[in-house]
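As structure tokens, the structure follows; a few thoughts come after it.
Atoms within a ligand are numbered from 1 in the order they appear, just like the ligands themselves.
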Amino acid sequence: MKTYSLLAAALVLAAAPVFAAAPPAPFGPVPSARQLAWHDLEFYGFVHFTVNTFTDREWGNGDEAESVFNPTDFSAEQIVQAAKAGGMKGLILTCKHHDGFCLWPSQFTEHSVKNSPWKNGQGDVVREMSDACRKAGLKFGVYLSPWDRNSAVYGKPEYLTYYRSQLRELLTRYGPIFEVWFDGANGGDGYYGGARENRNIDRQHYYDWPTTRAMVRKLQPGAMMFSDAGPDARWIGNERGVAGETCWATLNPEGRYPGSDKGGLNSGERPGADWIPGECDVSIRPGWFYHASQDGKVKTPAQLEDLYFKSVGRGASFLLNLPPDRRGRIADADVKSLAEFHRRLEAVYAKNFAAGARVTASNVRGNDKTFAAKNVLAGNGNKYWSTDDGVTTPELILDLGAAKTFNIVSLREYLPLGQRIDAFALDQWKDGQWVQFAAGTSIGSHRLVRGDFVTTDKVRLRITQAPVCPALAEIGLYAEPQKVAEKK
Ligand code: FUL
């Protein structure tokens, strides 16, 4: 009787929530809900398309006749399908580039598709692209160049009303927008309604960004705003698509604005006042716009893989540009390379060699299974392994049960609690002892350690530096079949 009641009491106590350890306090700035949703995307595309496609230029002057824009076989479906087959989760369209030509029939200018021969002026590229994206389950985003070399009022206060009116059209007519891209390239010579002169503006103050940002927040609360200064995602500081080997999701936005040249974008800043993760933009070809002369220079699947590991694998996102040609379609070579890149990544992620491993850790927060070491295998991002406060350099061991061969280690922090880990090391069990095979710094949203093949039955992760206890959401072990094949 006594035994039974003791047992019952023990069961009650074990199940009682009063013994559950509290989650760690967040560290530093943490992502907003819109940023968390965006982090999940990881890979999406840019579509650079305008008069430049037909004039063979990268920057139009603003004096291009509307009649120049005349794709012979435009297909939003083809573009979207190419993106989807490549594994992209969304597309951002250059609705207006520096030349000022609008891909939608804006009511605020004559310089748009409505005065082009394409579909007898009845077409709307933004409409077709946003519809096709939605139909295919891709997110849709807009690029609206702040610099406008066509507008007569560019450089004057009236231009801001014009810019915001256009932005309002884009944010209210085409459904949910996942990202608004504010380019920093700005000012200089242009057509400017016939003035043909040089107009330089004060990049920091002219655009009154706070007002524009507030408008975007109001009209599209879910939209990320991208620029050299965030506020939601930042430029990575180069157009090669490469994030810093160390890349923090945090930044000090003070004194930054689109076009500011302040440094620190490639690696982020730690400590940083705000959560402003990096986005790596790069084109699949040398140019942002289509040029037939670059048909032989499409990036190979191996080059795209390299970019993926140097962007997504460093906690940033990968924004790859696919420029439609004069038909208004993505050229075959680009479609093929992108699809093969995707096939290779799928092959990598098809098998996680850590799945089913026995996971132990030097410390588990409050000995509570809510924070158990094995949470790093859950793979759904909602669970994490954490340690007691003050335990900042713990280790975690994966016992794989049998020797496995891999060359990629995937790590993710639990982002709602901030970026907590400064540095880590990875060891393999070899000839009766631990031997280090990799080490790194920032983790954040995703860290992919890609190296030589390792064959072992046990892997150890050591957190070597952290200001607070870690909250780690994932460890995965993968192998690149392509590399195995290439080695043979
Ligand atoms: C730059 C622009 O000047 C390029 O033409 C391109 O749009 C690139 C994505 O951003 O600042």
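- One finds a salt bridge joining R217 and D232 here, because a Lys/Arg side-chain nitrogen approaches an Asp/Glu carboxylate oxygen to under 4.0 Å.
- In this pair, F226 and W181 present their aromatic rings parallel. The plane angle is below 30°, not in the 30 to 60° band.
- The backbone N or O of S442 lies less than 3.5 Å from a partner atom in the side chain of R447, making a donor-acceptor pair.
- Checked against a 3.5 angstrom limit, the closest N/O atoms of H98 and ligand 1 fall inside it.
- To the nearest 0.5 angstrom, Y174 atom OH is 12.5 Å from M129 atom CE.
- When each atom of ligand 1 is checked for a heavy atom of E239 under 4.0 Å away, the hits are 1 (C), 8 (C), 10 (O), 11 (O).
- Proximity to F46 (heavy-atom distance under 4.0 Å) selects the following atoms of ligand 1: 9 (C).
- For atom 11 (O) of ligand 1, the closest non-hydrogen atom on the protein side is D183 OD1, 2.6 Å.
- Residue Y257 holds its OH atom at 10.0 Å from CG of N186, rounded to the nearest 0.5 Å.
- If you number the atoms of ligand 1 from 1 as listed, the ones under 4.0 Å from a heavy atom of D281 come out as 9 (C).
- Distances between N or O atoms of W59 and those of ligand 1 include at least one value under 3.5 Å.
- Y159 and Y154 have perpendicular rings, their planes meeting at more than 60° on a 0 to 90° scale where under 30° would count as parallel.
- The closest approach between any non-hydrogen atom of F289 and ligand 1 is not below 4.0 Å.
- Listed by number with element, the atoms of ligand 1 under 4.0 angstrom from any heavy atom of A185 are 3 (O), 11 (O).
- Within the 3.5 Å criterion, the main-chain N or O of S283 finds a donor-acceptor partner in the side chain of K299.
- Among protein heavy atoms, atom 7 (O) of ligand 1 sits closest to H48 NE2, 2.7 Å.
- If you look at N321 next to ligand 1, there are no close heavy atoms at all, none under 4.0 Å.
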